[in-house]
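A short worksheet on the structure shown next.
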Amino acid sequence: MAGKTLIGEFHSDHTKVVQALMDLRSAIQAQDIARIRATLNEANKLVGPHFKFEELHLYPKLREFIGEAGLQRLLTEHDGVFRGVMALMSLAAKDTWSKSDAETAAANLELIWEHPITCDGLALYIERLPHTLQEELLNQMEERRREGTTLLEYRKERFS
Ligand SMILES: [Fe+2]
């Protein structure tokens, strides 16, 4: 069996994110706050290293394909994800939800729903990067995973 590849690992993160989003959607519909909390907690650990890798290592290497404006758009999308996750986390800290809490949670989820689709499409450019650079990026991805900065921790690093 072939070893790990950058695109394979990149896609597998997005697959997990899509699963987390689907779990969140059903938990929000059921107003199952404990399940929302548990899913957010897992996503916090998964998405932190993923975002940090993308912003520090991957996105700058894609500048030649997507341009400065494209790069900024990706960062702005991440800003939206930070905001959406923060809003969901503060709602998940409550013991019970009002109807408007449930609507706010669903609206915040809508805002972050499409990001993994946009991001996964970048594989079309990643596969055009030289093989040695893809290997180097894979190593950096794995370093960020070992480092294990959560999304909330990375948000503090990013905005400080
Ligand atoms: Fe991504």
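Just follow the structure's listing: the first ligand is 1, and inside any ligand the first atom is 1. All values derive from a computational prediction rather than experimental measurement. Starting from 1, each residue takes its place in the sequence as its number.
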- Query: Going by distance alone, is a donor N or O of one side chain under 3.5 Å from an acceptor N or O of the other, for Q19 and D23?
  - Reply: yes
- Message: Show every side chain to side chain donor-acceptor pair (under 3.5 Å) that has at least one partner inside residues 121-137, sequence neighbours left out.
- Response: none
- Query: So what's near the Fe ion (ligand 1), protein N, O or S atoms under 2.8 Å?
  - Reply: H14 NE2, H50 NE2, E54 OE2, C119 SG
- Aromatic rings H78 and F82: how do their planes relate, parallel, tilted or perpendicular, breaks at 30° and 60°? perpendicular
- By ring pair (Phe, Tyr, Trp, His ring centres under 6.0 Å), Y154 pairs with (sequence neighbours left out) none
- Has E114 got more than 12 heavy atoms of other residues, nucleotides or ligands less than 6.0 Å from its CD? no
- Query: How is the hydrophobic cluster of I117 composed, in terms of its other members, when Ile, Leu, Val, Met, Phe, Trp and Tyr link through side-chain heavy atoms under 4.5 Å apart, directly or indirectly?
  - Reply: none
